[in-house]
Amino acid sequence: MRINKLVLLVITVMVLLAVQPGLVRAAVGAIDNNVWWDGVYHDQTATYMNPMFPTTSQSAAVKLRTNKNDLTGVTLRIWNGSSVTNAAMSKTSSDASWDYWSYTIPANSGQVWYRFKLVDGSASAWYNIYGMQSAEPGSGDFTYIPIGASLGSFNTPQWMRDAIVYQIFPERFRNGNTGNDPSGTVAWGSAPATNNFMGGDLQGLINKLDYLNDGNSSTDTDLGITAIYLNPIFESPSNHKYDTANYEAIDDNFGTSSDFNTLITQAHARGIKVILDGVFNHTSVGHPFFQDVVNNGSASSYWSWYTVHNWPITWYDDANCNHVWDSGEVSVNWNASLAANHCLGSNDYNSWAGYASLPNLVNTNTAIQQYFITNSNSIAKRWLATNANANAGADGWRLDVGNEVEDSFWQPFRTTVKNQKSDAFIVGEYWGNASYWLSGSMWDSTMNYRLVYGTGNNGTECFIGGSQESGNNLIPCSASVDAFDLAMYANKTDYMWQAYTTVFNLLDSHDAWRFLSQASGDQWKLYAAAIFQMTYTGAPTIYYGDEVGMANYTGLPKDPGNRAAMEWNDITQPDGKTFHNPYHDSISALYRDLIRVRLGHPALRSPQIATIYRNNTDITYAYARKSSSETAIVAINNSASPKNLTILLYGLFANGTVLKDELSGNSYTVSGGNVVISNLSGHFGAILVTTPVLTKPHITFQVNGYVTSFGQNIFVVGSAPELGSWNTNNAIPLNWVDSDSWAGMVTFTTSKGTTVQYKYIVKNPDGSIIWESDPNHSYAVPNWGDLFVTDTWH
């Protein structure tokens, strides 16, 4: 049948009107049973919520903007964690274009969530952080956390709400005892492979605890780490140890139980908590429990611990790693050597993600729960510290593939762990919205991969890094300031604040591309990401080596490229280098400073946060952090060029207040209710406070220059002691970056706040010197801050 084109057009429009009632209307300003979506607005600045940061004794006046004369009513749906209130909002004011609806939420002792229902006669629509919606949304409510909010019955450890976490892949962090190296161990810094070993162990970590935190708050040469998350350390045949062969023993290539005890004792003495990785979803195919099933079938005591479909069990060499048998794939024994890049395959039992090397446990089994949880010496208990002796063991568990284990396992697990040590921490692995597990009966928190990926390619990888994973490659991507801000705010709306403040805020991990690879090696993007990570709500979680500028091993994809050996300045790697990133010193200095800034400012560790500035054109962004004792402003310039930001402060600081930037050392005076940040460097930020905690300026000298022959190097030398006092033997070497670029960092202590003279020189390999022909440069060293001096060598 042929349809007239005009009739088809009319039908199409009618269908669009039916399925999208909020997008089209007759005219603004009519009560016509049609809610006009465009223009509806609310945020949590003082214009629409006053005060922006209420205390537990203050009410909060909430305002919504709608189109003038469009609605017959607005309902504010409020949930305070225990009860729901549907409050009628009042139309309190209007102007030429808009109506403003208001309602004052009474004071609350805990977190509050709210959404808006807009009504026009018989029509209605809903509004929350995701904008207008035709049906009542299931998530994404606006939320605020009163200053002084109660934890309620869901308590998470205070130490974790203040923590700086450092994730360590033990096999690649440090080799402290070559006597326990696996057979065939390759040189430190060799190309990482899924099945090679470099000798990292617990003794290596013990030897480097002072690098993480020396226990002396007056020093600033250590990172300032307060918690370590260790990838698995129990007996296992692999380098990653996620195929546990014995939960009751430290892997002999990592050390002994005595080494573990030493690690705990020395870490605790430095104020470092230790979180272990618990792999309770599956075991190694070589675990004695599973091998008993292999040998004895249904007569095995562990038969019900696994799900076996066929016995005797057979395996095959899964050449395509697709977990199904393909023609030509040969049968093998479970412990046979497989061809390169092949997987062990079997269809005879349930295994994690189809990998036959990882048979799944039946976690609802009573005997399994007794072994892992309830027995007097269960796995959950034996490795943890106790309430009676807080220094006797670890301080918490990270739960591998936590979403794949039943609630009936995690609920008693939580009870047991908290009884063993009341402030032990439980963090589950889930890559999406983990609110289901964060209601107080299972986990304390989650690994916040939403920081990386956002709610749809609008997290740090696209917004700051500029690329996302596509198979074994990275492809370009981007996100607007608005989209990024919305994605970050989504965590706050979905989680109770007890969990929200303890999420592992990571930029990468052993399961993700290194951030610097996402950023195509641009260290400035790493600076911006680190500034954001260290100032946003949640526990900053550094994957080992990020703080020295490690990227994926050259030419290798996400895994195993993200698991390269840690780069140490006292270990020369097979390529003849120690550090691969020439900006190592400046990256490391920035991390150390950022950690001290976070630990020194309660506002940066509080749950209170509000976005106060977004500029999609300039790609700039600012948010306010507040505690009961102070307020801080964080500004991020995510563009490549310097920008000027005029930030409305909404009364957070009085006019005339001097705000000091912890990073640049610059001072800004509040005027007209605004703070103007001039010339904020690209891919960098500012942390504005009234009283800075940093005391030493770190200056990175960057020079565009050249050398005339291989082996020559550029140095900076000058009048200050830190620059060698013109003694060329003490000149500071710069590192080659690329092309004709060189860089190196100098920490000024005795010369801070003074003007120094300096120049660049070139030394030949034999020590002879070529002086720069230009006159001396001069530089006014600030009293604090991380700054960059960019010069040209002639």
Side-chain angles (χ1 to χ4, degrees), residues 10-52 54 58-108 111-144 482 485-486 489-490 492-494 610-611 650:
V10 171
I11 292 172
T12 302
V13 171
M14 291 176 67
V15 170
L16 288 173
L17 287 171
V19 300
Q20 301 186 65
L23 299 181
V24 182
R25 60 167 292 133
V28 178
I31 305 300
D32 57 358
N33 302 318
N34 192 359
V35 176
W36 182 250
W37 287 17
D38 289 351
V40 175
Y41 188 76
H42 169 79
D43 64 26
Q44 292 186 318
T45 62
T47 303
Y48 294 96
M49 190 175 105
N50 191 23
M52 286 176 61
Q58 291 178 308
S59 57
V62 173
K63 183 183 291 186
L64 177 73
R65 186 190 74 187
T66 67
N67 286 278
K68 188 176 180 67
N69 297 327
D70 181 52
L71 303 179
T72 55
V74 178
T75 298
L76 185 64
R77 186 173 179 84
I78 308 162
W79 181 52
N80 64 4
S82 60
S83 62
V84 174
T85 301
N86 291 302
M89 301 188 76
S90 301
K91 188 191 295 186
T92 52
S93 64
S94 300
D95 57 27
S97 302
W98 312 109
D99 290 334
Y100 297 91
W101 303 76
S102 301
Y103 181 80
T104 299
I105 301 176
N108 278 271
Q111 188 169 357
V112 177
W113 291 261
Y114 61 91
R115 68 183 72 159
F116 302 89
K117 182 180 182 181
L118 289 70
V119 179
D120 185 1
S122 62
S124 64
W126 294 83
Y127 180 80
N128 68 359
I129 68 167
Y130 295 114
M132 294 294 295
Q133 297 159 75
S134 57
E136 183 169 7
S139 64
D141 287 355
F142 292 98
T143 187
Y144 66 90
D482 286 349
D485 183 46
L486 177 64
Y489 189 82
K492 181 180 176 182
T493 70
D494 290 334
T611 300
Y650 298 98

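Nothing fancy with the numbering, it's 1 onward along the sequence.
- Not a single ring-ring contact (aromatic ring centres under 6.0 Å, His included) links W126 to another residue, sequence neighbours left out.
- A donor-acceptor pair is defined here as one N or O able to donate and one able to accept, closer than 3.5 Å; no such pair exists between the side chain of K63 and the backbone of H42.
- Take Y41 and apply the ring-ring contact (aromatic ring centres under 6.0 Å, His included) test, not counting sequence neighbours, and it matches Y48.
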L64 vs Y100, test: side-chain contact (heavy atoms from CB on, under 4.5 Å). Steps then yes/no. CA-CA 6 Å; L64 177 73; Y100 297 91; over 6 Å; no
Decide side-chain contact (heavy atoms from CB on, under 4.5 Å) for I78 and I105; before the verdict, give the C-alpha distance in whole Å, the side-chain angles of both, and the deciding distance to 0.1 Å. CA-CA 8 Å; I78 308 162; I105 301 176; 3.9 Å; yes
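- With hydrogens and angles left out, the side-chain atoms of D95 and S97 include no donor and acceptor closer than 3.5 Å.
- Taking both residues in full, the closest heavy atoms of T66 and L118 are given as CG2-CD2, 4.1 Å, listed atom of the first, atom of the second, then distance.
- Considering every non-hydrogen atom in both D32 and D120, the closest pair reads OD1-OD2, 3.1 Å.
- Side chain of T72 to main chain of G121: a donor-acceptor pair is present (N/O by atom type, distance under 3.5 Å, no hydrogens or angles).
- Shown here for W113 and D141, the closest heavy-atom pair between the two residues is CB-CB, 4.0 Å.
- Scanning all heavy atoms of the two residues, the minimum distance from T611 to T45 falls at O-CG2, 3.6 Å.
- Taking the ring-ring contact (aromatic ring centres under 6.0 Å, His included) definition, one finds that Y103 meets it with nothing, sequence neighbours left out.
- Side chain of S134 to backbone of A125: no donor-acceptor contact under 3.5 angstrom is found.
- Side-chain atoms of N128 come within 3.5 Å of backbone atoms of S139 as a donor-acceptor pair (strictly under, hydrogens ignored).
- Formation of a donor-acceptor pair under 3.5 Å by the D494 side chain with backbone atoms of K492 is not found in this model.
- The main-chain N or O of N50 is never found under 3.5 Å from a side-chain atom of Q58 such that the two would form a donor-acceptor pair.
- A heavy-atom distance below 4.5 Å is found between the side chains of W98 and N67.
- Minimum heavy-atom separation, T493 to T143: CA-CG2, 3.8 Å.
- Between Y114 and Y144, some side-chain heavy-atom pair lies under the 4.5 Å cut-off.
- Across all their heavy atoms, Y130 and G140 have their closest contact at CE1-CA, 3.6 Å.
- Within the 4.5 Å cutoff, the side chain of F116 has heavy atoms near those of the L76 side chain.
- Not a single donor-acceptor pair under 3.5 Å links the side chain of R77 to the backbone N or O of V84.
- In this structure, V35 and V40 have side chains that are not in contact, with every pair of non-hydrogen atoms separated by 4.5 Å or more.
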